[in-house]
2 protein chains.
Amino acid sequence: MATVTGVAVTVDVVVLTIRDDQLQVLLVERGIEPFRGTLALPGGFIREHEDAEPAARRELAEETALDGGGLYLEQLRTFAAPERDPRGRVVTIAYLAIAPDLPVPVGGSDARAARWQPVASVLAGTVALAFDHREIVVHAVDRARSKLEYTTLATAFCPEVFTMSELRRVYEVVWGVSIDARNFHRKVTTADDFLEPTGERRVLSTGRPAALYRRGAARTLFPPMLRGAFPPAPSGTTT
Amino acid sequence: MATVTGVAVTVDVVVLTIRDDQLQVLLVERGIEPFRGTLALPGGFIREHEDAEPAARRELAEETALDGGGLYLEQLRTFAAPERDPRGRVVTIAYLAIAPDLPVPVGGSDARAARWQPVASVLAGTVALAFDHREIVVHAVDRARSKLEYTTLATAFCPEVFTMSELRRVYEVVWGVSIDARNFHRKVTTADDFLEPTGERRVLSTGRPAALYRRGAARTLFPPMLRGAFPPAPSGTTT
DNA sequence: TCAAAAGTGTTAGTGCTACACCCATGA
DNA sequence: TCATGGGTGTAGCACTAACACTTTTGA
């Protein structure tokens with residue numbers, strides 16, 4: 001048996017949304033050292049008798065006043081590089097969450113300012129993040145991109161009822177491509193249980209009113225939504 | 001800031017292989033309490049200055065005498081249920097490894113007997129596993145099944161050089177389906193960089209000699225190998 | 001009646017399935 | 001020359017991509 005080392009375990013959450021036709025990530029400004037004043041993913045230490053996913057939802061609620069309950073949330077992966085935290089050995093279980101376009105979150109009980117930041121600026125390194133949080137965001141975005149293909153995850157970016165264009169915008173923004181509206185419409189309406197028509201229509205400022213949909217029961221999408229060959233994955237992951 | 005709880009972190013590895021036309025998993029018999037004498041996944045505590053993946057390879061080498069270096073290995077997910085280990089708070093980072101059909105491993109330095117066990121017996125509950133290791137195996141098998149579709153992972157089950165039938169057997173055994181040999185041949189030979197012909201042939205006891213292949217540089221497979229709609233995933237995961 | 005957005009129909013192309021057929025070897 | 005497994009050709013089907021066309025609204 002090897003030595004049992006006391007390790008601190010945290011959870012960090014990458015919340016993605018679409019705002020202003022951009023993929024954005026929710027960040028908080030750190031109120032304490034290390035990296036005080038730097039932007040970081042919302043997250044924190046897991047409690048004594050707490051499982052990881054509840055911890056992720058709790059931290060999200062505390063730090064960003066985002067309703068952890070209703071959000072799509074899945075475990076991403078765990079980051080355990082020995083020197084990733086200057087305070088000592090801290091292993092973090094990273095989560096991916098998807099939110100619809102919400103009102104700007106305010107700072108949570110920890111009194112840190114929570115705000116949306118375009119993912120592009122994080123990936124480009126224009127906005128610096130604490131710890132290895134940029135790497136975590138890279139993995140999260142990659143996971144989200146993959147899952148749009150073969151799951152119904154895209155609906156998690158939409159409010160409870162949404163139009164076909166809103167759903168299509170999700171694919172276009174997350175993949176950074178443009179999609180033929182006609183073929184897209186056919187594809188998603190013929191997929192079993194992807195969408196459930198509400199029967200309602202939404203009148204836009206101009207143009208024909210769009211039918212409104214709700215997410216259906218399906219969680220996987222077959223055949224998948226193709227986007228051609230996979231772009232390069234971050235550091236050897238194809239998850 | 002929340003309370004920092006001292007947590008023990010382990011790695012556990014699900015090594016899958018194909019032996020006797022069955023998907024099998026490598027298990028060790030526990031030499032110490034808790035669960036002494038019960039079968040468990042190879043694994044153990046992560047060291048002070050060690051990252052998780054090296055820890056997984058080290059534990060594998062120590063407990064099963066399997067060469068951790070050459071094996072395909074990827075992080076699966078982390079299990080952090082508060083009561084998963086009777087000794088106290090132990091979070092485990094689970095890994096998935098794929099091995100070709102190797103000579104039966106002997107017990108490693110920890111003097112535990114390491115042996116292959118059909119995955120079916122573990123999933124059915126015929127063979128009991130320590131801790132939540134059965135659940136981990138469920139996730140690992142699900143991941144492996146998914147990845148056969150859209151990556152070249154199947155070659156990791158094969159030795160360095162292999163025949164088309166051996167590769168096809170991988171899909172058949174892991175998915176539990178039968179595959180048309182002719183169409184399979186066409187599919188994998190036309191996929192870019194999936195296989196690299198060695199030019200050699202292997203003479204079987206009977207029948208036409210089969211061409212031998214080595215794995216190519218490709219890691220993803222596009223278009224994917226279809227197996228129809230996804231079967232139900234274990235407990236809410238669609239990873 | 002025009003602009004804008006929603007939604008339908010049609011055609012060509014690609015990839016898959018199923019299966020007939022040929023090839024190369026040992027017994 | 002037969003059994004056995006390796007490998008090719010081809011017809012039909014499912015799905016996709018591209019794009020012309022129709023519908024429905026507000027200005």
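Everything numeric here is computed off the predicted structure, so don't read it as measured data. So you know, we letter chains A, B, ... as the sequences are listed, proteins then strands, and number each from 1.
Across the protein-nucleic acid pair, Arg202(A) atom CZ and dT25(D) atom C1' stand 15 Å apart, rounded to whole Å. Computed from coordinates, the Phe222(B) CZ to dT16(D) P distance equals 11 Å when rounded to whole Å. Separating the CD1 atom of Ile179(A) from the P atom of dA18(D) is a distance of 12 Å, rounded to the nearest angstrom. The interatomic distance linking Leu212(A) (CG) with dA6(C) (C1') rounds to 12 Å, in whole Å. Rounding to whole angstrom units, CZ of residue Phe184(A) and C1' of dT8(C) are separated by 17 Å. For the pair Met164(B) CE and dT4(D) P, the computed distance is 23 Å after rounding to whole Å. Atom CZ of Arg168(B) and atom P of dG5(D) are 10 Å apart (whole Å). Nucleotide dA6(C) holds its P atom 14 Å from the CZ atom of Phe162(A), rounded to whole Å.
Both the sub-6.0 Å distance and the 45° axial angle are not jointly satisfied by Arg215(B) relative to the ring of Tyr213(B). Seen from the ring of Tyr171(A), Arg169(A) does not count as a face-on cation partner, given the 6.0 Å and 45° thresholds.
As judged by a 4.0 angstrom heavy-atom cut-off over every strand, Ser165(B) is placed among residues touching the sugar-phosphate backbone only. Residue contacts for Ala181(A): at a heavy-atom cut-off of 4.0 Å it reaches no nucleic acid atom on any strand shown.
Here Glu166(A) pairs with Arg202(A) in a salt bridge; the nearest charged N to carboxylate O distance falls below 4.0 Å.
Closest to the Asp180(B) side chain, of the nucleotides dA18(C), dA6(C), dA3(D), is dA18(C). Closest contact between the side chain of Arg186(A) and the listed nucleotides dT25(C), dG15(C), dT10(C) involves dT10(C). When distances run from any side-chain atom of Arg201(A) to the nucleotides dG7(C), dC16(C), dG6(D), the shortest one goes to dG7(C). Of the candidate nucleotides dG6(D), dT16(D), dG7(C), dT16(D) has the atom nearest to the side chain of Leu226(A). Among the nucleotides dT8(D), dT25(D), dG7(C), the one closest to any side-chain atom of His185(B) is dT8(D). Nearest to the side-chain atoms of Pro209(A) among the listed nucleotides dA18(C), dT25(C), dT25(D) stands dT25(D).
If you look at Tyr150(A) and Phe222(A), their ring centroids are not closer than 6.0 Å.
Distances shown here put a side-chain N or O of Lys187(A) below 4.0 Å from the OP1 or OP2 atom of dT16(D).
For the pair Pro224(B) and Thr206(B), both in contact range of DNA chain C, the more 5′-proximal nearest nucleotide belongs to Pro224(B).
With hydrogens and angles ignored, a donor-acceptor pair under 3.5 angstrom links the side chain of Arg208(A) to the base of dA6(C). Between the side chain of Arg182(B) and the base of dT8(D), no donor-acceptor pair of N or O atoms lies under 3.5 Å.
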Going through the checks in order, is the side-chain contact (heavy atoms from CB on, under 4.5 Å) test met by Glu74(A) and Arg143(A)? CA-CA 10 Å; Glu74(A) 70 168 59; Arg143(A) 172 77 65 94; 2.4 Å; yes
